[in-house]
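Comments concern the structure below.
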Amino acid sequence: MTLQNPIIINNMPNADMVVDYPSGCAPYLPQFYNNSTEATTYTWTFGDGNWSNDSLPLHTYTNPGIYNVVLVVGNGTGCQDSSFAQITVNAPPVASFTMAVIDSTCQGITFGYNNTSQTDSVANFKWLFNYTGPSADMTPPNYTADTSGLYTAWLMVINTYTGCQDTISQSLYITVPGQPDGAFATADTIGCGQVVANFSLNYVNTTNIEVNYGDGVTDTVFTPQHTYSLPGTYNPFVVLYNQYGCVDTLYASPITVVPIPVAAFVADTTTGCAGISVNFTNNSSALENPTYNWNFGNGQTSALENPQGIAFTNPGGYNVSLIVTNTYGCADTLTQNAYIVIADTLPPATIPLRRVTVLSETAVKIEWAASTVFDFGSYTLFRFDGTTYQPIATISNINQTSFIDNSGLATLANSYCYKIGITDQCGYTKGIDSVEAHCTIELTANLLPSTDRLLKWNPYGGCTVDYYEVYRTQANGWNDTTAANLIATVPGDITGYLDQDKICPREYKYRVRAVSLCGGTLYSLSDTATSPLPKIDFTTLPAHVVRTTVVDNQFTRTEWKAPYAPELVSYYTVFRSADSVSYQSVGQLTGPFTAADTLQAYDDWDASIQSIKYYYRIETNSVCNDKSYTGKTGDNIVLKANIDHSAYEVKLEWTPYQSWGPNGVDHYIIEWQDEAGVWHVLDLPANQYQNNEIPGNDPTSYTAPY
């Protein structure tokens, strides 16, 4: 038997793949269509390393290129079929650009573009802006922004061949500074002599300012104010600044300072008697179309520039005023009080003399109180001539209050009396009978037999005197008391003084000063008086030695009596001699001395008292630079003792004291010293000596037992 197996023929699967738009721009998602039949399995290979088993897969190509797509289908019997397709992925362009500011001004900010897009072929560019119209340029032109804000640009880049495109946007914030601006003004634009200008300032876009007032002064305040004091026209302005360096200048109206006229005038005469006619000259300055307004104080006014013939008829003082006004209304007024003075018909009141004082042997100074009358004419000075008062000077200056009379005077022999009168401008005067006369002081000096000087003077006439000062100086002349010594003050009711001072044998001048005239501070000087030469000759008044003695067996002491006036001694010079012939100076005793210093002494420590007998004499040197001759001398006693041991005797011998002359020493007394240092009077034989005294005319020796 034969077996037969059946043969099975399976259906063949049919692969059918269709790609819609087989080319595109990366990233590209093609649309696959699966039209396969009799298939149950699907294997897709996309050509970029990726695959899928979906019947209808989705796949995105991210990279440009050409890719072969394969679809393998099967039906489970092992039968397969394939379908092929090709995908082309094109590279898209890369849109890229930047925005940047390239210029900045206060009027606007200019910025530009830099297109950095990337494309493989020729591309089209489409620009869109939020601040201007679209553009198709590769790089659009620069743009200037005049307002602040956010500026945004969009760019689309299209590949001409593939149609691939890319879009990007960029934004830039622009700040436009803005120009400073405002208004600058003042209503204070004109003034007389001075303008205080207050300025108003309105401003925007401004951080700081500089104000220029037009006269060289600047400021930085936002509320400017300024004072203009000098005449002229000024153009103020302000400069506005902001933080970006933007500047603007604003001008205010010109300011004019008008000079104030200066009123001034003079009259050809300002004083006179009733009925005078006065001409006025206008000296005003800083004028511009001026007008004048005069007021003469007598009821008359005038608008003339130079009024003439203005009459003043009544006595008194008139205030004259002038108002000067310029074309701008600026005015100045000058008023001169009591400028025109018309004298009255009454004689002026008399004025007192204040003092008269002697200046020299030929001159007297007269002083008086200044007159206060408004119609003063002149002073008249009178001097008594022994019978009446005669005028000696007329003085027209009201401020002159002194006069020196040197017209033939002899003040050493006379006292002069004076009066003063006053006359007004119109010749009215008052007699001088009621005026108190002032008289100078005349001084005399007489030498008395006692060598004192007696001074006498007449009292100051015309005023009380508190006291008189007496001055003395050597007779070499003076003009005042500055070179003299004040030697005495006497009460005001005493007119004499006795000068008993011991003075050098010179001529002396004296002068008296009357102090506190009429209870005030003034004084009056007398003339000078010269005393005759005193009869005392200092050179004939020596200093006589009283004694010379040995002290403590160590030195000699010489004492002398001062001459006539110890206070006039400058110094004493002590001379010593060992032979009473040749004398040498051994010392000086220097003053000043007083009248009480009548006894002086000098100790000579250099004397050899054990062996030498010395003689001393004194020379006087006075403050008058005179030297006296030497007076009586003094000498010391030198004692010697010889011992005779065989006879138990001591023989004493001494030099005689000779200064008192042959009969000068009355007696000598011998003393001895015991072991205790006590001195005792030596007992002498009563039958030879009385009272233990050795007569001064005996031989200067004595022998005593021991």
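- A donor-acceptor pair under 3.5 Å is absent between the side-chain atoms of T380 and the main chain of G421, judged by distance alone.
- Nearest approach of K430 to T350, heavy atoms of both residues: CD-CG2, 4.0 Å.
- Formation of a donor-acceptor pair under 3.5 Å by the S360 side chain with backbone atoms of A363 is found in this model.
- The main-chain N or O of Q658 is found under 3.5 Å from a side-chain atom of D635 such that the two form a donor-acceptor pair.
- Proximity of the aromatic rings of Y339 and F265 is defined here by a centroid distance below 6.0 angstrom, and this criterion is met.
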### Query
Given the rule in the ring pair (Phe, Tyr, Trp, His ring centres under 6.0 Å) test, do Y616 and F575 qualify, once you have shown the distances and angles that lead to the verdict?
CA-CA 6 Å; Y616 294 89; F575 292 89; over 10 Å; no
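- The aromatic ring centres of Y572 and W560 sit less than 6.0 Å apart.
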#### Entry: Derivation of the salt bridge (Lys or Arg N to Asp or Glu O under 4.0 Å) call for E367 and R355
CA-CA 5 Å; E367 297 179 3; R355 71 164 177 169; 3.1 Å; yes
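- Aromatic ring centres of Y571 and F593 lie farther apart than the 6.0 Å criterion allows.
- For D644 (side chain) and Y648 (main-chain N/O), no donor-acceptor pair under 3.5 Å exists by modelled atom type.
- Side chains of Y602 and Q600: a donor-acceptor N/O pair is absent below 3.5 angstrom, by distance only.
- Taking the six-membered ring wherever Trp is involved, the centroid distance between the rings of F384 and Y416 does not fall below 6.0 Å.
- In this structure, T558 contributes its side chain and T548 its backbone to no donor-acceptor pair below 3.5 Å.
- Here K651 pairs with E653 in a salt bridge; the nearest charged N to carboxylate O distance falls below 4.0 Å.
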### Query
Given V364 and T411, is the side-chain contact (heavy atoms from CB on, under 4.5 Å) satisfied, shown in steps?
CA-CA 8 Å; V364 172; T411 61; 3.9 Å; yes
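- The residues D499 and R472 are annotated as salt-bridged, a charged nitrogen and a carboxylate oxygen being separated by less than 4.0 angstrom.
- The main-chain N or O of L381 is never found under 3.5 Å from a side-chain atom of Y418 such that the two would form a donor-acceptor pair.
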